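A short write-up of the structure that comes next.
Fair warning: this is a prediction, and the values are worked out from it, not measured in the lab. All chains are named by letter (A, B, ...) in the order of the sequence lines, taking the proteins before the strands, and each is independently numbered beginning at 1.
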There are 2 protein chains.
Amino acid sequence: MEDGTAERIRPRDRILETARDMFHKHGIKGVGVDAITEAAGTNKMTLYRHFESKDDLVIECLRATACSANAMWQKFEAEHPGDKLAQLHAWVRMAADCLMMDGRGCDMANAAIELSETDHPARRVIKELKQAQRDRLVGLCRDAGIGQAELLADTLSLLLEGARVSLQSVGAEGPSAQFVRMAEGLITSFRGAAAR
Amino acid sequence: MEDGTAERIRPRDRILETARDMFHKHGIKGVGVDAITEAAGTNKMTLYRHFESKDDLVIECLRATACSANAMWQKFEAEHPGDKLAQLHAWVRMAADCLMMDGRGCDMANAAIELSETDHPARRVIKELKQAQRDRLVGLCRDAGIGQAELLADTLSLLLEGARVSLQSVGAEGPSAQFVRMAEGLITSFRGAAAR
DNA sequence: CTAGGGTGTTACCGGTCTGTAACTTCTAGA
DNA sequence: TCTAGAAGTTACAGACCGGTAACACCCTAG
């Protein structure tokens with residue numbers, strides 16, 4: 001065989017990236033394949049040569065999002081090698097930054113809400129990827145020497161998830177404005193409980 | 001005039017209630033007006049005689065949801081008259097029950113996510129109603145004698161909002177399973193801080 | 001130069017969506 | 001009983017949706 005799909009211009013990547021952006025901004029059911037391909041500077045046929053269906057494209061977008069999240073976790077480790085507590089604080093800061101500048105919430109959660117059919121193929125993927133993120137946060141808390149690592153990680157998860165959705169319903173001046181204070185307070189509290 | 005829209009059979013109410021149920025289960029963009037009217041045992045023309053548009057129907061449904069929430073708060077006061085702390089615990093219990101038996105999250109939050117257009121008429125309504133709920137929870141915390149009432153109320157809000165969305169993305173075995181433990185722990189913690 | 005795969009273009013299919021028009025049927029009240 | 005208004009029925013408009021077929025065009029590897 002040749003050297004696989006080479007490094008050219010690759011409309012597939014343009015479609016994928018454009019779709020991620022548009023799904024994020026307007027929701028999955030809020031944007032059609034025509035709009036995506038037009039924004040990506042290509043056409044519908046090319047999309048369907050690279051993706052089986054719109055659902056397939058959605059799933060691929062979610063995987064790409066998870067991949068981006070992976071990169072962030074690696075950045076935490078690179079910036080604070082070995083210092084798990086610093087990495088946890090970096091996670092809080094990153095989460096807050098995303099809240100501030102984004103406006104729209106987590107792609108996975110939004111997709112889960114939009115795709116209400118319980119047997120939708122994307123739901124399996126969402127559950128897997130979310131579970132992986134949860135496990136990683138639990139691991140970080142545990143490695144940071146926190147006693148009830150699962151409970152802290154789950155609480156932080158819910159706080160962030162809640163902040164993201166509250167940002168869209170109540171607005172930026174709502175409860176989500178206090179996210180950092182809550183998260184840092186919780187970490188302090190859980191660390192105190194462990195030291196005792 | 002006659003005695004206004006009398007107390008007969010009233011297809012309008014059937015449409016409204018059916019729409020609430022179907023929007024809740026399948027999302028707003030996931031159900032069409034034809035499906036609503038058929039499930040309500042009526043037809044599209046009758047719907048459009050009572051509601052200006054689908055968006056108008058959506059808004060009316062959200063108002064009805066807010067009305068139901070109002071009734072819950074009155075039940076708290078009726079069951080624990082004057083005892084604000086008991087009412088706060090009742091709120092936690094009610095929230096947990098809703099989580100358990102429902103599966104789909106908060107109609108307002110789901111709508112806010114689905115209706116991503118920033119100028120959508122429903123967004124104003126959602127913000128108002130969510131703000132009102134927040135104010136009420138803050139008031140309850142304050143009246144229960146908790147020092148940092150706003151911070152506790154906002155934290156509880158985010159936890160519940162997060163639990164609702166996490167239930168849909170990660171599932172029932174995810175972080176949302178710990179909601180009661182987190183909420184009760186927070187209340188205890190905040191009460192301790194006030195007593196000191 | 002040539003062959004072939006990736007790409008672009010156009011047109012189309014069948015379905016669903018919101019919303020409306022015109023007409024008939026029912027029902028309640030005087 | 002008669003009448004007015006609410007409700008049901010059918011058909012339709014116009015737009016958009018996901019997905020496909022057929023064909024012309026590159027552009028590069030050999």
Side-chain angles (χ1 to χ4, degrees), chain A residues 1-20 22-23 25-62 111 114-117 119-123, chain B residues 1-20 22-23 25-62 111 114-117 119-123:
Chain A
M1 299 202 181
E2 318 105 66
D3 50 344
T5 48
E7 209 59 47
R8 342 226 167 136
I9 340 158
R10 285 208 282 198
R12 185 185 198 273
D13 293 353
R14 290 200 322 259
I15 292 174
L16 199 60
E17 203 151 339
T18 308
R20 272 184 72 186
M22 297 185 75
F23 285 153
K25 283 182 189 154
H26 312 298
I28 292 171
K29 294 187 181 174
V31 51
V33 290
D34 275 314
I36 294 173
T37 53
E38 189 188 335
T42 176
N43 55 68
K44 199 158 49 168
M45 270 314 301
T46 301
L47 187 152
Y48 281 103
R49 284 191 191 107
H50 288 288
F51 303 93
E52 283 187 7
S53 63
K54 186 185 179 183
D55 283 347
D56 185 37
L57 173 62
V58 168
I59 290 176
E60 230 50 51
C61 285
L62 292 176
E114 259 194 299
L115 309 176
S116 53
E117 308 93 334
D119 60 339
H120 195 287
R123 296 193 72 89
Chain B
M1 301 204 180
E2 319 105 63
D3 51 343
T5 49
E7 208 59 49
R8 340 227 167 132
I9 342 158
R10 288 205 284 195
R12 185 185 197 275
D13 292 353
R14 291 204 316 263
I15 292 173
L16 199 60
E17 203 152 338
T18 307
R20 273 184 71 186
M22 297 185 74
F23 285 153
K25 283 182 189 154
H26 312 296
I28 292 170
K29 294 186 180 173
V31 51
V33 290
D34 275 315
I36 294 173
T37 53
E38 189 188 334
T42 175
N43 54 69
K44 197 156 51 167
M45 270 314 301
T46 301
L47 187 152
Y48 280 103
R49 285 190 191 108
H50 287 288
F51 304 94
E52 283 186 5
S53 63
K54 186 185 179 182
D55 284 347
D56 185 38
L57 174 61
V58 167
I59 290 176
E60 230 50 52
C61 285
L62 292 177
E114 259 194 299
L115 309 176
S116 53
E117 308 94 334
D119 60 339
H120 194 287
R123 296 193 72 89

What is the separation between atom [atom1] on [X] and atom [atom2] on [N], rounded to the nearest whole Å?
X       : N      : atom1 : atom2 : answer
B:Asp34 : D:dC12 : CG    : P     : 16 Å
B:Tyr48 : D:dA13 : OH    : P     : 18 Å
A:Glu52 : D:dG18 : CD    : P     : 16 Å
B:Asp55 : C:dT18 : CG    : P     : 10 Å
B:Glu38 : D:dT10 : CD    : P     : 13 Å
A:Lys54 : D:dC16 : NZ    : C1'   : 11 Å
B:Leu57 : C:dC17 : CG    : P     : 15 Å
A:His26 : D:dC16 : NE2   : P     : 15 Å

Residue pairs passing the salt bridge (Lys or Arg N to Asp or Glu O under 4.0 Å) test with at least one member in residues 49-60 of chain B, sequence neighbours excluded, are none

Heavy-atom closest pair, residues [X] and [Y]:
X        : Y        : result
B:Gly30  : B:Glu114 : N-OE2, 4.2 Å
A:Ser116 : B:Gly27  : OG-N, 4.4 Å
A:Cys61  : A:Leu16  : SG-O, 3.9 Å

B/S/- along nucleotides 7-12 of chain C (protein heavy atoms under 4.0 Å) is BBB---

Option passing side chain to side chain contact (heavy atoms under 4.5 Å, CB included) with B:Phe23 (candidates B:Leu62, B:Thr18, B:Val58) |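 For B:Phe23, the side chain to side chain contact (heavy atoms under 4.5 Å, CB included) check succeeds only for B:Val58.
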
Starting at CE of B:Met45, measure out to NE2 of B:His50 and round the result to the nearest 0.5 Å.
-> 10.5 Å

Roughly how far apart are B:Ile15 CD1 and B:Thr46 OG1, rounded to 0.5 Å?
->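 It is 6.0 Å, given to the nearest 0.5 Å.
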
Looking at residues at least two apart in the chain, or sitting in another chain, which of them share a side chain to side chain contact (heavy atoms under 4.5 Å, CB included) with A:Glu117?
->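 Partners of A:Glu117 under the side chain to side chain contact (heavy atoms under 4.5 Å, CB included) test: A:Lys29, A:Leu115, A:Asp119, A:His120.
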
When the C1' atoms of the five terminal pairs at each end define the local axes, what inter-axis angle does the helix from C:dC1-D:dG30 to C:dA30-D:dT1 show, to 10 degrees?
->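 It comes to 10° between the two terminal axes.
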
Only distances under 3.5 Å count here; give the side-chain donor-acceptor pairs of residues 32-40 of chain A to other protein atoms, sequence neighbours excluded, each with its distance to 0.1 Å.
| residue | atom | partner | partner atom | Å |
| --- | --- | --- | --- | --- |
| A:Thr37 | OG1 | A:Val33 | O | 3.1 |
| A:Thr37 | OG1 | A:Asp34 | O | 2.9 |

